Every structure is written in C-alpha cells, then in structure tokens.
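This is a predicted model, so every value here is computed, not measured.
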Amino acid sequence: MSGHDSKYFSTTKKGEIPELKEELNSQYKDKRKDAVKKVIAAMTVGKDVSSLFTDVVNCMQTENLELKKLVYLYLINYAKSQPDLAILAVNTFVKDSQDPNPLIRALAVRTMGCIRVDKITEYLCDPLQRCLKDDDPYVRKTAAICVAKLYDINAELVEDRGFLEALKDLISDNNPMVVANAVAALAEIQDSSARPIFEITSHTLTKLLTALNECTEWGQVFILDSLSRYKATDARDAENIVERVTPRLQHANCAVVLSAVKIILLQMELITSTDVVRNLCKKMAPPLVTLLSAEPEIQYVALRNINLIVQKRPTILAHEIKVFFCKYNDPIYVKMEKLEIMIKLASDRNIDQVLLEFKEYATEVDVDFVRKAVRAIGRCAIKLERAAERCISVLLELIKIKVNYVVQEAIIVIKDIFRRYPNTYESIIATLCESLDTLDEPEAKASMIWIIGEYAERIDNADELLESFLDTFPEEPALVQLQLLTATVKLFLKKPTEGPQQMIQAVLNNATVETDNPDLRDRAYIYWRLLSTDPEAAKDVVLAEKPVISDDSNQLDSSLLDELLANISTLSSVYHKPPEAFVSRVKAAPRADDEEFADAGETGYSESPSQGVDGASPSSSTGTSSNVPVKQPAAAAAAVAAPIPDLLGDLMGLDNALVPVDEPKASSGPPLPVVLPSTTGQGLQISAQLVRRDGQIYYDISFENGTHGVLDGFMIQFNKNTFGLAAGGPLQVPPLQPGSSARTLLAMVFSQNVSPGAPNSLLQVAVKNNQQPVWYFSDKGLLHVFFGEDGKMERTSFLEAWKSLPDDNEFSKEYPNSVISSIDATVEHLAASNVFFIAKRKNANMDVLYLSAKVPRGIPFLIELTAAVGVPGAKCAVKTPNREFVPLFFEAMESLIN
C-alpha cells in the first residue's frame, strides 16, 4: 500500500461490515479496490473480517495486479478458518497460473502454497508442475519454494507426483536464482525427511559452484550451507572447493562470510598441505575481523562463532588479539564474549598486552564485567605457566585497591592458582589474610578458608583466623560451612594442639547436631569416625595430594565442537548447543518401498518394516522386542511452547529449572521393569523404561498406588547423565486413587546436563508427589535407545569409514548363548532399533552381516556380526572413533540379539 493509505485504518462509522460488504460488491473497480484495502487494514489491526470471505473472493476476477495481491493476502490469512469457501478460489488460482504475466503466474502458485488447506493441495499439483517448467525464471524459482511448502503439508503427494525429481532437475537450471531456490527447497525437505533426499555428487557440485558466483546474497547462503554437507573425496577435491568458495569471504553480507568460513574449516580437515592450510588461515582472519565493525547484535553473533573457530584453529586470529579489546561503548554482552576469546588467544607472546587490558577492565564501573575481568586474569595464569607470576602480581595490585568485590574475586582465582601450582606462590598468603574481615560473599569466604586450611602449617595464627568464622557457623551458607569443616579438620591434623582440638569439637558438634543439611552432617560424621578410630588414616584421606587443575578455556568436547563448527552461522553456533537440544523437528517416516539393502554377495535383499496401528511403521527401541506404536501428536511439530516453572526445583543440583510444556502422551504395552518397589516407596510402586518411538525418546513410566490415600502432584527430575537426557515437559499423571495405576509417556530432550567421566548407562531419577517424600531410584538406559534414524550408511561410505579407522579402534565380543534362528528376522529386528543392514556375505558355514548405527553427537558404529543360523554362539566386531562407548554398545547388542 502507498503512503496515502493510512486513511483506511481509521473510521468512526457504525455497521462497518455491512458497508464493506456493499462496497466490495460495487460495480465500480476503484470502489472495490478501496473496499479490499479497508478489509486488509481491518485484518491488520486484528478485527475479524472473515464474514466477508465470499465477497473478497469475488474480487479476484481482475486484471489489477495490486488488487489481486491484496485479495491473495486475505485468502492466506482466512483460508484455514474457511476451508470450504477457500475452494471457491481454486478456479481463479488455476486460471492465474496460466496467465501471460509471469508475475501473476508466480503469485498464484506462491499463494496456493501458502494456503495450508488439504482440499486445495490436490488442485495445486498440476499448476505447480507447469510452473516448475515455466519459461520465466521468476516463476520457476517461486515454484521451487512452493514444492518445499507442499512437502510440509503432504510429503507422500510430493514424492508420488515426481516433484522431488523436478526440483533436482532445477539444480541444472541456467538461472542462478532458480538453482539457489531449488537448493533451499531440497535442503528444507531433507531436514524433515528421515531418508536421503538431497545428496551432492561431483556433477552437482560443479553446478552449484558455478551458480554461486551469480546469484543473490541469500541464494549464496543457501548454496554454501548445502555445500557444507558435501564430503570431498580427497585433498585435491577439498582444495578445489576452497578455492572456489574463498572469494565469498570478501562479501558484504555477514551470513555469506560465515557460511564460507564454515565450508573452508570443514574442507581444511582433508587438506594435507601445511602451506595451503597456513594461507587459508591468513585469508580467513581479515573477514572475521571485519565482522566486528558491524552493529553490536551482529558483533555478538560473530563473536560466538569466532569463539568456536579459535577453539579449533587458534592460529587464524592469533595475531589479531587487539581487535577483541573492549571499547568503552560496547554493550556488556559483547564485552563478556570478547573476554572469553581473549583468554583463548592469550599466549606467552601477547600476555603483557592482555594483562594491561584486564587490569584496566578491573577498574570499570560495571561490577559483573569487573568480576569477569579478574577471573580472566586467573584463567590466564592457569593456562600459561610462564606468565603465572605476572598474573599474580596484577591480582595483588588489584587487591591493594581495596575495592570489596575486586578483592573477593581475586581471592577466588588465587585459590585456583594455588591448586594449579602447589607450593609455588604461597608467599602471598599474608597479603590475602589482611583482607579477611572484608569478605562477605560465600564463594570468597570459602576460598579463603580453603587457603587457610590447606596451608595451616605455614600460617602462624591459622587457628585464630578460622576461629573468627566459628561464631557465625550456623548462619553461614552451606558452601562456607562445608569448607570450614574441612579446613578445621586439616588444621587439627597438621597442628594437633589444644586450640585446634577445641575448635574441631565445636565444629563437629555444630555440623552434626545443629544443622539440617544432610551433606554437611554426613561429611562431619565421616570425619568424626575417621578421627576417633584412625587419625593416620584420616591424614591419608584429608591431607592426600590433590590433582592439579587444568585450564578450562576450551570447555567444549571435541565431538561437540566439530558438530557446532558444522553449524556455523546458525542458532546452534550462537547457543553453543547442538540443534536437537533446542529444536524439536518431526521427521517423516521412511516408506517401506524405499528401504532397500544392498547385498555384498550375489543376491539382492530388501526389508519391509513391520506395520503398526493404522498402517504406521513404528521404529521402536525398547528393552523388549515388542513394538508398541503410539500415535504421534500434531503438537510435536509445533514451535517450542512457553516454559513453565519446574516445581521440583534443583533436586539433584541440576540447572534446568524450566521445562517446555508438552501434551501428555498415553502409553500401553508389555509390563515395565520395577524401578521402585512398593516396599521401598511406602506403598507406591514405580515401573519405568526408556523407549524410542517415531524418532523420539520417551520415558515410559507407570505408577501403582498401594497406599490408603490419594496420590497427586507427581513431578520428576533426572540427574546429569552421559547423553544429557532431561524431561521435555512436566509429568502428566492424574490423581491416583488407592489401588489404581496410571501409565504415561514422558518425552525426553537432550540438554547440556551431560555428566563428566566415562559414558555409562545409568539414569538417576527423582520422583515426588504432594503426599510423600522425594523417591530416588536408578534406571538403566541401554545404548540402542539412542540409535538414531540417520545411522544408515551407503555401502561405499561404510567401506571408506571402516578403512579410515585404525585397527586400534576395532573391538570384538562373543555371545556364546545367542542363537540366530533367521537372518531375515534378525535384520528386521535390528532395523527396528535403528541398527541398519549394509551388506552380507558367506564365510564357510557362517553368515557375516555388516551393519551401521549412530548415537547423538554423530558417533557412528560400524558393525560386523558373525553367526551360523540355528547354532549357539555369535561374534560381534565394531569399529568406532569413540572407544569410550564400546562397553555400552556391546551391552546393547547383547540385549538385541539374545
């Protein structure tokens, strides 16, 4: 609408709808046009004008392009609420799709694609097929996007009518914008499909690289993002791709630059020439630096991506640390991110510059920024051993300023420095003790108490210093109480004189009798028992040599970092979380006739997945061999709902106080294993098991009320675990009457709640209700529940992956009691748990099956299963880049083939 159209938004007349109806049916074209504008204006400000649907549709029969656009806009908005009336517009759409004007042809197809009404989609196919082969490139590029929209509404229709093949043909189009839109549509379809749709071959690669130079900036982004999924065959192929993509680094659009950086980083993994890699690192530095001269919001996105890049390739920006120095007018979120990157780039060569900057930041007015700057100095000391003394000098200078929060933060980081370099810098303890009276923050107090206890033998008045905290012991936070308890025990063991002896009696009494904190009480009882039975053993435990802490500036696990680098320039790289941690996407189930297995021998082999309820093809991984199909809710594909408070709170010390709302899901099927017997749960029995259905992991949980009262208000919490599993919504359990039971499926999500250490299958769970205390129990989640639908590999890819992994990464295990009665049945059973058949061969009288599977974070398992049909005994060999998961894998395979 033009600038003079604001008058359509204001009216004081009564009976507006009847007046508009009259004007819409006027014989004068201008009056009808004005009336439609008024309708659109009313719709824009939220008024319900759906009653005018028929009258507005009648205005479609016009040659006026502006009026036609307005009517189409109205149709898109109201077609869903008036699906029967929307059919009235179909004839006009079909007619417009053959209009001589390409703008009208494209407009008709675009609008039909936007109207998400099943009755209209069947009429869309013929016009869409014509428009995909239209002479005008504008129509073709619009039709390409329309295919992706149609796939979202009806995937089977798109495949049956050959639209996917038509889209793939458009990649060879001579117009670069058509190519870009075809790539965008195929990428969108691939994201919502469980089977390979869009695979870039060497022929396709050449077409895309050619189109890259000529299409618009957003077309370039689509093509670059698709190219990032291409695996180069060798170093020469990778160098060729990088050479063609490198000019995109000079683009003015930040998204193009970051997408180009992503491809170059991924291809650099295959390039063997150190000179080429060095030159590429030099070429990537200037465009990344240029991103930091943009608006603060773009700077922040760039910094979050750079944070990932410098973890993988610090040499790229090793000489550019000055560009990350904070400016006085930078927003706080930009400053914080710059600090993180400066720590990562700090080296012995530039540490003096960095420390000068940090010292300057520590005198700023923003308290949070000052604290972060002081911590940064400590992290640099821990990271760079040769610079540690200079870092400590700066921290001591800051302590002399006597600014309370600076002093407290400095003491916290100095405690970490003592842990990193034991028996090196203890001469500064006297300076720290001077600030003892000013400490009022729990972490600072705890750090100072730790220092006094750890070095009690070097501090003459250590007992007096600790005694100053004892008067307020009951009022102190738990963190300070725990540290004070341990420090007093250390003091007593190092100086077993009368003073410390009286102190330890007072502290142990306070910590066991006067406190409600179970952690504090348990620790105090352990110390008391140790001291009273064997003081020498107490020394060995309490005064044991502590492990040296390491630099934490590269916090991300290498496999997670690789996954995030593959998602540079997306939200994933800003959140520093894999996409599945915050995006819920429903993938279309693969069709039975598409699932074919290649055979390594002479015979072909095909699989037909077992059919569930309503002809659905469930992919169910449970602890049993039964498939229990559950109808998938439409809400699963919706955007993440608003979070609600998790009333169970931080039950296990977890940091996930908010969970998204989801629809409750009913569950049925075979009995579940008991995880909390009624004898332990005071009459409440809980049975549960992790299951996988339709590509989603659920916690199948059942409650049986054996008490004499009603139980309600059920809530659940999961402790940190190997895969970071957490509840995807609140537990939906109705009030349980005495003697009744309820069973539900709780959707699970992958969060950042990952437990450190070696992977294990243990799942620690806490459940509470309004009538009983919190119940804790442990469950076991077998690894095959986590096997993803994307674990199937092509034969060539499987062979290449097998050869590329060293022999050290191959492990095998025998299952002497396993009997395979049928190869076909075994393959089908394994496929139901997302262990996919690749090929088979004969070895004497033994059948050798080759299979593949994949768990989250993209960890693949290449499997060789050897057995003789009907004979006890099977052998499983596996190759995987992550050997830590091998014990869990063999445990899962045993449950699948037994």
Side-chain angles (χ1 to χ4, degrees), residues 97 102-103 105-107 109-110 113 127-152 158-159 161-193 196-233 237-238 240-264 266-267 568-570:
S97 69
L103 291 176
R105 296 202 298 275
L107 183 62
V109 172
R110 180 192 291 129
L128 184 55
Q129 274 178 330
R130 280 197 303 272
C131 290
L132 283 168
K133 297 174 181 174
D134 198 280
D135 294 336
D136 193 284
Y138 180 76
V139 179
R140 294 200 300 277
K141 82 180 185 70
T142 306
I145 296 296
C146 193
V147 173
K149 291 179 179 177
L150 183 59
Y151 189 90
D152 198 34
V158 169
E159 295 182 31
R161 294 295 292 264
F163 286 124
L164 292 180
E165 286 66 32
L167 264 186
K168 290 173 185 174
D169 291 342
L170 288 182
I171 291 177
S172 303
D173 198 280
N174 56 9
N175 185 287
M177 272 315 300
V178 176
V179 176
N181 278 21
V183 168
L186 284 167
E188 180 72 24
I189 291 169
Q190 181 64 78
D191 285 343
S192 55
S193 173
I197 299 284
F198 179 37
E199 293 182 334
I200 299 177
T201 61
S202 54
H203 175 70
T204 316
L205 177 70
T206 308
K207 298 279 185 186
L208 295 182
L209 288 171
T210 304
L212 189 61
N213 297 321
E214 301 172 33
C215 59
T216 65
E217 52 193 4
W218 295 112
Q220 291 181 33
V221 171
F222 290 135
I223 292 175
L224 288 169
D225 284 345
S226 294
L227 286 174
S228 67
R229 301 176 187 178
Y230 175 72
K231 300 287 188 292
T233 51
D237 190 19
N240 178 46
I241 295 169
V242 167
E243 188 180 342
R244 302 282 292 275
V245 168
T246 303
R248 301 302 106 209
L249 293 173
Q250 313 304 322
H251 205 284
N253 186 308
C254 304
V256 176
V257 173
L258 283 174
S259 294
V261 167
K262 170 167 61 178
I263 290 182
I264 293 171
L266 293 172
Q267 299 302 335
I568 277 181
S569 79
T570 67

Look only at the side chain of R140 and the backbone of C131, and say whether a donor-acceptor pair between them is shorter than 3.5 Å. no

Distance check, rounded to the nearest 0.5 Å: L186 atom CG versus S226 atom OG? 8.0 Å

For E217, the side chain to side chain contact (heavy atoms under 4.5 Å, CB included) test, sequence neighbours excluded, returns H251, N253, V256

Separation between CD1 (I264) and CD1 (I568), nearest 0.5 Å, reads 10.5 Å

So do the side chains of C215 and I223 get within less than 4.5 Å of each other, counting heavy atoms only? yes

With sequence neighbours left out, the residues meeting salt bridge (Lys or Arg N to Asp or Glu O under 4.0 Å) with R130 are none

Would you say L258 and R248 make side-chain contact, with heavy atoms under 4.5 Å? no

Any side-chain to backbone donor/acceptor pair from K141 onto A180? Under 3.5 Å, distance only. no

Tell me every residue that passes side chain to side chain contact (heavy atoms under 4.5 Å, CB included) with R244, counting only those two or more places apart in sequence or in another chain. L209, T210, N240

Quick one, F198 and I189 - any side-chain contact, counting heavy atoms below 4.5 Å? no

Kindly write out the residues that satisfy side chain to side chain contact (heavy atoms under 4.5 Å, CB included) with A144, not counting sequence neighbours, or none if the list is empty. L167, L170, N181

Are more than 12 heavy atoms from other residues, nucleotides or ligands located less than 6.0 Å from atom CZ of F222? no

What I want to find out is whether K262 reaches D225 closely enough, with some N-O distance under 4.0 Å, to be called a salt bridge. yes

Partner set under side-chain hydrogen bond (donor to acceptor under 3.5 Å, both in side chains) for T142, not counting sequence neighbours: none

Does the side chain of D134 come within less than 4.5 Å of P102's, by heavy atoms? no

I241: side chain to side chain contact (heavy atoms under 4.5 Å, CB included) partners, not counting sequence neighbours: L205, Y230, A232, D237, V245, I263, Q267

